Colleague: 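I'd like to ask some things about the structure below.
Position 1 is the first residue of the sequence; numbering continues from there. Basis for what follows: all heavy atoms, side chains included, without hydrogens, waters or symmetry-related copies. No experiment lies behind these values; they were computed from the predicted model shown.
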Amino acid sequence: MTLKKYLTITEVVGPLILVEDVEGIKYEELAEIELPSGKKQLGRVLEVNGDKALVQSFGSTTGVSVEGSSVRFLGRGIELGVSPDLLGRIFDGMGRPIDNGPPVIAEQRLNINGQAINPYARDYPSEFIQTGFSAIDGLNTLVRGQKLPIFSASGLPHSRIAAQIARQSRVPESQEKFAVVFGAMGITFEEAHFFITDFQKTGAIERAVLFVNLANDPAIERIATPRLALTAAEYLAFELDMHVLVILTDMTNYCEALREVSAARKEIPGRRGYPGYLYTDLSTIYERAGRIRGKKGSITQIPILTMPEDDKTHPIPDLTGYITEGQIIISRSMHRKGIYPPIDVLPSLSRLRDKGIGEGRTREDHPNWANQIFASYARGKEAQELSTILGEAALSELDKKFLSFAERFENEFVRQDEYEDRSIKDTLSIGWDLLTELPRTELKRIKYELIDKYLPRKDENVSPGKDRVSNREETD
């Protein structure tokens with residue numbers, strides 16, 4: 001079919017091109033822009049009003065003129081060609097191969113905007129995903145089908161954490177295939193080199209698909225990149241029955257691109273200049289995670305965002321928190337202490353944790369253990385604050401034990417090597433060892449039989465029965 005060429009460009013403002021006297025044009029339709037020099041580049045229809053179409057160019061509009069330039073509308077939106085050959089490949093932010101490999105021979109071509117999962121067809125997330133990080137697996141557990149964002153800030157090691165999660169994540173004791181889809185938006189060349197090299201060096205690339213949008217690429221591509229990644233994930237999950245973990249970094253760069261497009265369109269800004277539809281737009285990305293009844297595959301999502309000025313009330317983390325099921329907080333104060341990963345477990349939260357842990361999933365003691373570890377660390381941090389104000393001499397002997405617990409918790413439980421992949425049994429064992437720091441009478445959140453079964457005993461002369469009576473009396 002011959003596509004009609006329009007020579008009716010009437011205005012060029014920044015990345016936007018206004019074309020008049022058009023007919024049959026649809027929102028989100030792709031357009032091919034031809035410059036007077038003969039160079040061609042793609043654009044996308046942002047708005048249609050009567051016989052006028054507003055097109056945003058994916059490249060620079062330098063050289064696009066009212067006279068001599070033309071536009072063809074391609075009759076389709078942005079599509080991704082999918083096949084099992086996606087695995088192991090690296091693409092740019094528009095889905096073009098950049099790994100010097102051959103083009104992907106597509107079995108299907110899918111519109112990247114996808115479709116929201118029907119809430120009635122959703123299956124509840126219920127299976128534990130092991131990331132190898134104790135601070136996540138033990139206390140803020142990731143569950144298959146969940147969307148659990150990481151809130152970081154400029155200068156913090158979220159890129160290293162993302163790469164480590166990508167190479168270590170798996171569903172323990174599952175024979176089903178596991179894949180990682182990695183979407184990077186607005187990252188520097190150095191960061192892109194780090195991710196690609198890390199994936200290739202560790203062999204994680206064999207089960208991964210990478211989409212990389214660099215900081216010097218057009219902002220409009222940044223809006224397409226996460227949708228390309230999720231389209232690949234949906235194909236792998238719901239057509240090839242794979243468990244897919246989608247890592248998106250950095251969602252702040254994505255939102256900045258949205259703000260840039262909104263400003264170019266002269267839309268009325270919302271909070272801090274972001275478009276009023278930011279919540280709706282983010283939901284079209286986050287809500288593509290989940291499980292579907294009758295399908296073996298699933299999509300689990302870890303969006304990573306840097307909070308401007310470390311502000312959790314900024315519109316991006318604020319709206320993300322409304323849509324997702326918890327958050328992992330990267331702490332600047334812990335990073336200054338030299339702790340990696342600097343995950344602050346107290347403000348972190350996984351709302352679906354209890355659905356993915358316990359007998360038959362991780363271990364029978366995990367729910368009680370997690371509650372006790374969390375409560376003990378919180379009390380230890382209170383003792384630490386009291387010690388800072390009044391001095392350690394003002395602390396009771398029990399407070400000193402909780403203070404010691406908090407210090408050991410950060411240095412032995414949270415802290416781990418960048419290439420240390422802990423199993424959930426290792427994580428639980430470290431936590432039980434830390435609990436020996438406290439009197440058994442203070443372990444009020446764990447069932448007595450679990451204490452007797454799992455707690456290492458420092459004093460073998462104390463009978464379990466005597467301890468149990470003391471514990472019961474303390475609880476009463």
Colleague: Taking atom NZ of K337 as the centre, does the number of heavy atoms from other residues, nucleotides or ligands within less than 6.0 Å exceed 12?
Modeller: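 Check passes, neighbour count above 12.
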
Colleague: Using modelled atom types only, decide if a donor and an acceptor are shared between the side chain of T231 and the backbone of I112 within a distance under 3.5 Å.
Modeller: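 It does hold such a pair.
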
Colleague: Do the side chain of T61 and the main chain of V64 share a donor and acceptor less than 3.5 angstrom apart?
Modeller: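 Here the side-chain-to-backbone pair does not exist.
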
Colleague: Under 4.5 Å between any side-chain heavy atoms of P125 and R144, yes or no?
Modeller: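 Sidechains of R144 and P125: no contact.
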
Colleague: With no hydrogens and no angle check, just 3.5 Å: does a side-chain donor-acceptor pair link D21 and T8?
Modeller: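 Distance-only check fails for D21 and T8.
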
Colleague: Can you confirm whether or not the ring centre of F182 sits under 6.0 Å from the ring centre of F211?
Modeller: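 Ring centres of F211 and F182 not closer than 6.0 Å.
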
Colleague: I want to check something: taking the side chain as every heavy atom from C-beta on, are I161 and L156 in contact at a cut-off of under 4.5 Å?
Modeller: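 I161 vs L156: side chains apart.
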
Colleague: Taking atom types as modelled and ignoring hydrogens, do the side chains of Q164 and Y419 form a donor-acceptor contact shorter than 3.5 angstrom?
Modeller: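 Distance-only check fails for Q164 and Y419.
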
Colleague: Give a yes or no on whether the backbone of I330 and the side-chain of D344 come within a donor-acceptor separation of less than 3.5 Å.
Modeller: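 No, because the side chain of D344 does not come within donor-acceptor range (under 3.5 Å) of the backbone of I330.
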
Colleague: Can you tell if the side chain of V55 reaches within under 4.5 Å of the side chain of R44, non-hydrogen atoms only?
Modeller: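 A side-chain contact is absent here, since even the closest heavy-atom pair is not under 4.5 Å.
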
Colleague: Is a donor from one side chain sitting under 3.5 angstrom from an acceptor on the other, for D137 and T427?
Modeller: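 On atom types as modelled, these side chains do not qualify, holding no pair under 3.5 Å.
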
Colleague: What do you reckon, are the aromatic ring centroids of F413 and Y377 less than 6.0 Å apart?
Modeller: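 No: the rings miss the under 6.0 Å criterion.
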
Colleague: Shortest non-hydrogen contact from C255 to L282?
Modeller: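 The answer is SG-CD2, 3.9 Å.
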
Colleague: Examine distances only and state if a side-chain atom of S152 and a backbone atom of L305 form a donor-acceptor pair shorter than 3.5 Å.
Modeller: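 No, because the side chain of S152 does not come within donor-acceptor range (under 3.5 Å) of the backbone of L305.
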
Colleague: Measuring only between side-chain heavy atoms, which start at C-beta, is L148 closer than 4.5 Å to Q301?
Modeller: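 Heavy-atom side-chain distance check fails, nothing below 4.5 Å.
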
Colleague: Between T202 and R167, do the side chains contain an N or O donor and an N or O acceptor separated by less than 3.5 Å?
Modeller: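 There is no such pair between these side chains.
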
Colleague: Quick one: does R288's side chain have a donor or acceptor within less than 3.5 Å of a partner on T284's backbone?
Modeller: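 No; judged by distance alone, with no hydrogens or angles, the pair does not exist.
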
Colleague: Looking only at side chains, do R351 and T324 share a donor and an acceptor under 3.5 Å apart?
Modeller: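 T324 and R351 do not have a side-chain donor-acceptor pair below 3.5 Å.
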
Colleague: Got a donor-acceptor contact below 3.5 angstrom from the S83 side chain to the A106 backbone?
Modeller: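 Flag not set: sc S83 to bb A106 has no pair under 3.5 Å.
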
Colleague: So, for L139 and A370, which heavy atoms are closest and what is the spacing to 0.1 Å?
Modeller: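 Here L139 and A370 meet closest at CD2-O, 3.6 Å.
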
Colleague: Under a 4.5 Å cut-off applied to non-hydrogen side-chain atoms, are P157 and H335 in contact?
Modeller: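 They are in side-chain contact.
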
Colleague: For the pair E191 (side chain) and T188 (backbone), establish whether a donor and an acceptor sit closer than 3.5 Å, ignoring hydrogens and angles.
Modeller: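 Yes; at least one donor-acceptor contact below 3.5 Å.
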
Colleague: Applying salt bridge (charged side-chain N to carboxylate O under 4.0 Å, His left out) between E32 and each of K5, K4, R72, report the one that passes.
Modeller: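 The option that passes is R72.
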
Colleague: Which pair of heavy atoms, one from E29 and one from G75, lies closest together, and at what distance?
Modeller: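 Answer, listing the atom of E29 first, then G75: OE2-N, 2.7 Å.
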
Colleague: Between E127 and V171, is there a side-chain heavy-atom distance shorter than 4.5 Å?
Modeller: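 A side-chain contact exists here, since the closest heavy-atom pair is under 4.5 Å.
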
Colleague: Indicate whether any N or O donor in one side chain lies under 3.5 Å from an N or O acceptor in the other, for S350 and Q146.
Modeller: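 Yes - a donor-acceptor pair under 3.5 Å links their side chains.
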
Colleague: I need the minimum non-hydrogen distance between L16 and A264, along with the two atoms involved.
Modeller: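 The pair with the smallest heavy-atom distance is CD1-O, 3.1 Å.
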
Colleague: Check S298 against R291 and note the closest heavy-atom contact, atom names and distance.
Modeller: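 Distance-wise, the nearest heavy atoms are CB-CG, 3.6 Å.
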
Colleague: For the side chain of R332 and the backbone of G155, is there at least one donor-acceptor N/O pair under 3.5 Å apart?
Modeller: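 The answer is no, because no donor-acceptor pair under 3.5 Å joins these two groups.
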
Colleague: If the threshold is 4.0 Å, N to carboxylate O, is there a salt bridge linking K381 and E410?
Modeller: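 Salt bridge between K381 and E410, a charged N being under 4.0 Å from a carboxylate O: yes.
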
Colleague: Where the side chain of T225 meets the backbone of G93, is there a donor-acceptor pair that is under 3.5 Å apart?
Modeller: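 Yes, because the side chain of T225 sits within donor-acceptor range (under 3.5 Å) of the backbone of G93.
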
Colleague: Checking side-chain polar atoms at under 3.5 Å, does S262 have a donor or acceptor matched by the opposite partner on E267?
Modeller: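 Yes, a side-chain donor-acceptor pair sits under 3.5 Å.
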
Colleague: Could R160 and Y340 be counted as a cation-pi pair, given that NZ or CZ must be under 6.0 Å from the ring centre and within 45° of the axis?
Modeller: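 Yes; both conditions hold, so R160 lies above the ring face of Y340.
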
Colleague: Using the rule salt bridge (charged side-chain N to carboxylate O under 4.0 Å, His left out), only one of R272, R271, K312 pairs with D318; which is it?
Modeller: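 One option only clears the test, and that one is R271.
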
Colleague: Hey, are the side chains of F133 and S169 touching, using non-hydrogen atoms and a 4.5 Å cut-off?
Modeller: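 A side-chain contact under 4.5 Å is absent here.
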
Colleague: For the residue pair Y274 / D281, report whether a side-chain donor-acceptor contact shorter than 3.5 Å exists.
Modeller: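 No - no donor-acceptor pair under 3.5 Å links their side chains.
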
Colleague: Would you check if there is a donor-acceptor pair between the side chains of T131 and Q168 at a distance under 3.5 Å?
Modeller: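 Not at all, the side chains of Q168 and T131 share no donor-acceptor pair under 3.5 Å.
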
Colleague: Hey, does F73 have a side-chain heavy atom less than 4.5 Å from the side chain of L30?
Modeller: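 Side chain of L30 against side chain of F73, heavy atoms only: no contact under 4.5 Å found.
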
Colleague: What are the two closest heavy atoms between Y6 and V22, and how far apart are they?
Modeller: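 Heavy atoms of Y6 and V22 come nearest at CE2-CA, 3.6 Å.
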
